[in-house]
Chemist: 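Mind looking over this structure? Questions follow.
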Amino acid sequence: MKLLKLVPDNTNIGFVAMRKWAFALTALLTVLAVGATAYKGLNMGVDFVGGLMIEAKFPQNVETDKVRATIGTLGVGESSLQQFGDPKTVQIRLPLPEQGGAGAANAVVEKTRNAMTAQFPGVTFSRYDTVSGKVSGELIQNGVLAVVLAILGIAVFSWFRYEWQFGVSTFVAIVHDVLMTLGFFAVTQLEFDLNIVAAVLTIVGYSINDKMVIDDRIRENMRKYRKMDMKALIDLSVNETLPRTVMTSVTIMLALGALLLFGGHVLRGFTAAMMLGIIVGTYSSVYVSSSLLISLGLTPMSSEKKAGKANIAAQAERVGPRDGAQP
């Protein structure tokens with residue numbers, strides 16, 4: 001039985017030769033992502049903005065103007081509506097009652113339910129969430145802090161684990177992945193809630209895992225092939241780890257595809273963020289962070305200085321790429 005190989009053996013793809021195009025594309029996408037986030041903003045979920053969120057599912061397509069007009073007659077405050085997932089599902093956001101706590105919030109939900117059922121027979125309320133303004137502010141602060149500390153901690157670890165160039169390239173790659181995710185949610189206006197923060201942290205973890213595999217191979221080859229040109233050495237390292245990188249990405253995408261199809265609309269935003277993160281994280285690990293090491297001045301001698309006097313003279317040294325490799 002012939003084994004399935006997503007990547008042929010002994011690949012010789014010249015990744016470094018495309019680094020200028022990759023850097024230009026990365027810079028353009030980053031600017032677009034930041035611009036989209038600043039211009040359109042994120043569709044913050046009730047976790048972050050506070051208030052009362054009701055999700056109503058109608059038996060047929062419904063116009064949001066009619067739903068808004070119905071809620072406007074209840075005197076429960078200004079409503080914000082958005083169709084979610086399909087034209088039959090509408091998210092309704094309402095301000096929390098100033099007094100009465102959870103009991104008053106439940107009364108608003110019941111009042112809204114009765115009015116909607118009378119106006120739109122067959123409508124069902126799949127869920128509702130309530131978050132106070134104070135709690136939502138704390139969630140925003142803690143969510144941002146968690147992402148920032150994760151990025152900085154990983155960058156510092158790479159700095160001390162390898163050389164400072166690895167720390168800088170890791171930081172750039174992970175920031176790129178996070179900004180791409182934010183830009184995606186700004187453009188699509190999918191709800192950004194605590195589930196998405198969890199997805200962002202998971203993306204950071206996946207990206208650093210993928211990058212550490214490549215970095216370990218680069219450092220290993222720096223010690224083995226001290227006379228090899230750095231461009232050829234990075235191409236060699238990335239090509240050697242490419243089967244593992246592609247196989248890992250494909251298997252995770254298959255699992256996420258199943259989650260996207262059968263996980264329901266509640267997990268749709270989380271799954272979409274994860275799928276985007278896998279693609280962007282793989283791209284940044286292969287094309288951005290590895291090639292950035294050259295621009296930062298990393299050389300095979302850098303590893304020798306940090307590792308000390310290692311007895312590797314007896315090892316056979318490759319001084320150039322394999323036949324057919326592009327510099």
Side-chain angles (χ1 to χ4, degrees), residues 13-34 36-37 144 146-185 196-222 230-231 233-242 244-249 252-253 273-298 302-303:
I13 303 174
F15 294 104
V16 174
M18 295 179 280
R19 72 184 188 281
K20 293 182 180 179
W21 291 99
F23 291 165
L25 177 61
T26 300
L28 176 61
L29 292 177
T30 301
V31 171
L32 291 176
V34 173
T37 304
V144 172
V147 174
V148 171
L149 290 180
I151 294 175
L152 290 178
I154 291 171
V156 171
F157 171 80
S158 295
W159 188 320
F160 286 97
R161 177 69 173 83
Y162 306 108
E163 284 76 38
W164 68 267
Q165 292 93 337
F166 288 95
V168 174
S169 65
T170 297
F171 178 82
V172 171
I174 295 178
V175 169
H176 165 266
D177 298 344
V178 172
L179 291 178
M180 290 300 101
T181 304
L182 295 179
F184 170 77
F185 276 86
I196 308 306
V197 174
V200 170
L201 291 173
T202 306
I203 291 169
V204 170
Y206 171 82
S207 182
I208 191 59
N209 176 70
D210 198 29
K211 190 178 183 312
M212 285 295 177
V213 171
I214 299 176
D215 286 351
D216 269 330
R217 185 57 58 90
I218 291 175
R219 193 177 68 159
E220 176 184 338
N221 286 336
M222 285 169 61
M230 197 63 196
K231 296 179 181 179
L233 189 146
I234 288 180
D235 272 343
L236 170 66
S237 302
V238 175
N239 278 286
E240 287 179 342
T241 56
L242 191 60
R244 180 264 179 201
T245 299
V246 173
M247 182 61 71
T248 302
S249 299
I252 294 177
M253 290 292 284
M274 285 296 300
M275 295 182 78
L276 175 71
I278 298 302
I279 297 172
V280 173
T282 303
Y283 161 78
S284 64
S285 297
V286 172
Y287 282 101
V288 179
S289 62
S290 299
S291 296
L292 188 58
L293 296 173
I294 298 174
S295 301
L296 294 174
L298 185 68
S302 303
S303 179

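Excluded from the calculations below are hydrogen atoms, water molecules and symmetry mates; all remaining heavy atoms, backbone and side chain alike, are included. By convention here, the first residue in the shown sequence is residue 1.
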Chemist: First locate atom CD1 of Ile203, then atom CD1 of Ile208, and finally report the distance between them rounded to the nearest 0.5 Å.
Modeler: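 Ile203 atom CD1 to Ile208 atom CD1 measures 14.0 Å (nearest 0.5 Å).
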Chemist: Tell me, with the steps shown, if Thr26 and Tyr287 meet side-chain contact (heavy atoms from CB on, under 4.5 Å).
Modeler: CA-CA 9 Å; Thr26 300; Tyr287 282 101; over 6 Å; no
Chemist: Supply the atom-to-atom distance Ser237 OG to Ile214 CD1, rounded to the nearest 0.5 angstrom.
Modeler: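 Between atom OG of Ser237 and atom CD1 of Ile214 there are 9.0 Å.
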Chemist: Check Tyr206 against Ile252 and note the closest heavy-atom contact, atom names and distance.
Modeler: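 In this case the closest contact between Tyr206 and Ile252 is CE1-CD1, 3.4 Å.
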Chemist: Are any non-hydrogen side-chain atoms of Leu292 and Ser295 less than 4.5 angstrom apart?
Modeler: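 Side-chain contact under 4.5 Å: yes.
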Chemist: Output the distance between atom CD1 (Ile196) and atom OG1 (Thr202), rounded to the nearest 0.5 Å.
Modeler: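 Going from CD1 on Ile196 over to OG1 on Thr202, the span is 10.5 Å.
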Chemist: Between atom CE of Met253 and atom CD1 of Ile279, what is the distance when rounded to the nearest 0.5 Å?
Modeler: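 The CE atom of Met253 sits 4.0 Å away from the CD1 atom of Ile279.
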Chemist: Looking only at heavy atoms, which two atoms of Phe185 and Ala273 are closest? And how far apart?
Modeler: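 Taking every non-hydrogen atom into account, CE1-CB, 3.5 Å.
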Chemist: Please enumerate all residues that pass salt bridge (charged side-chain N to carboxylate O under 4.0 Å, His left out) together with Asp210, with sequence neighbours excluded.
Modeler: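 By the salt bridge (charged side-chain N to carboxylate O under 4.0 Å, His left out) rule, Asp210 matches Arg244.
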Chemist: Counting C-beta onward and ignoring hydrogens, is there a side-chain heavy-atom pair between Asn221 and Arg217 closer than 4.5 Å?
Modeler: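 Touching, per the 4.5 Å side-chain cut-off.
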Chemist: Given 3.5 Å as the limit, does a donor-acceptor pair link the side chain of Asp235 with the main chain of Gly14, or not?
Modeler: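 The answer is no, because no donor-acceptor pair under 3.5 Å joins these two groups.
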Chemist: Less than 4.5 Å apart, side chain to side chain, heavy atoms only: is that true for Arg19 and Val16?
Modeler: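 Arg19 vs Val16: side chains touch.
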Chemist: List the atom pairs, with distances to 0.1 Å, where a side-chain N or O of residues 167-181 and a protein N or O form a donor-acceptor pair under 3.5 Å, not counting sequence neighbours.
Modeler:
{"unit_1": "Ser169", "atom_1": "OG", "unit_2": "Gln165", "atom_2": "O", "d": "3.2"}
{"unit_1": "Ser169", "atom_1": "OG", "unit_2": "Phe166", "atom_2": "O", "d": "3.0"}
{"unit_1": "Ser169", "atom_1": "OG", "unit_2": "Lys211", "atom_2": "NZ", "d": "3.2"}
{"unit_1": "Thr170", "atom_1": "OG1", "unit_2": "Ser158", "atom_2": "OG", "d": "3.4"}
{"unit_1": "Thr170", "atom_1": "OG1", "unit_2": "Phe166", "atom_2": "O", "d": "2.7"}
{"unit_1": "Thr170", "atom_1": "OG1", "unit_2": "Lys211", "atom_2": "NZ", "d": "3.2"}
{"unit_1": "Asp177", "atom_1": "OD1", "unit_2": "Ser284", "atom_2": "OG", "d": "3.0"}
{"unit_1": "Asp177", "atom_1": "OD2", "unit_2": "Ser207", "atom_2": "OG", "d": "2.7"}
{"unit_1": "Asp177", "atom_1": "OD2", "unit_2": "Ser284", "atom_2": "OG", "d": "3.4"}
{"unit_1": "Thr181", "atom_1": "OG1", "unit_2": "Asp177", "atom_2": "O", "d": "3.0"}

Chemist: Assess whether side-chain contact (heavy atoms from CB on, under 4.5 Å) is satisfied between Thr245 and Val213, documenting all intermediate values.
Modeler: CA-CA 9 Å; Thr245 299; Val213 171; 5.6 Å; no
Chemist: Do side-chain atoms of Tyr283 reach the backbone of Ala22 as a donor and acceptor pair under 3.5 angstrom?
Modeler: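 Yes; judged by distance alone, with no hydrogens or angles, the pair exists.
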Chemist: Distance from Lys231 atom NZ to Leu233 atom CG, nearest 0.5 Å?
Modeler: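 Here the rounded value is 13.5 Å.
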Chemist: Go through it in stages, so that I can follow the logic: the residues are Leu236 and Glu240, the test is side-chain contact (heavy atoms from CB on, under 4.5 Å), and I'd like the CA-CA distance, side-chain angles, deciding distance and then a yes or no.
Modeler: CA-CA 6 Å; Leu236 170 66; Glu240 287 179 342; 3.4 Å; yes
Chemist: Measuring from atom CG of Asp216 to atom OG1 of Thr241, what distance do you get when rounded to the nearest 0.5 angstrom?
Modeler: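 So the CG of Asp216 and the OG1 of Thr241 are separated by 10.5 Å.
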Chemist: So which atom in Ser290 and which in Val286 form the shortest heavy-atom distance, rounded to 0.1 Å?
Modeler: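 Heavy-atom minimum between the residues: CB-O, 4.0 Å.
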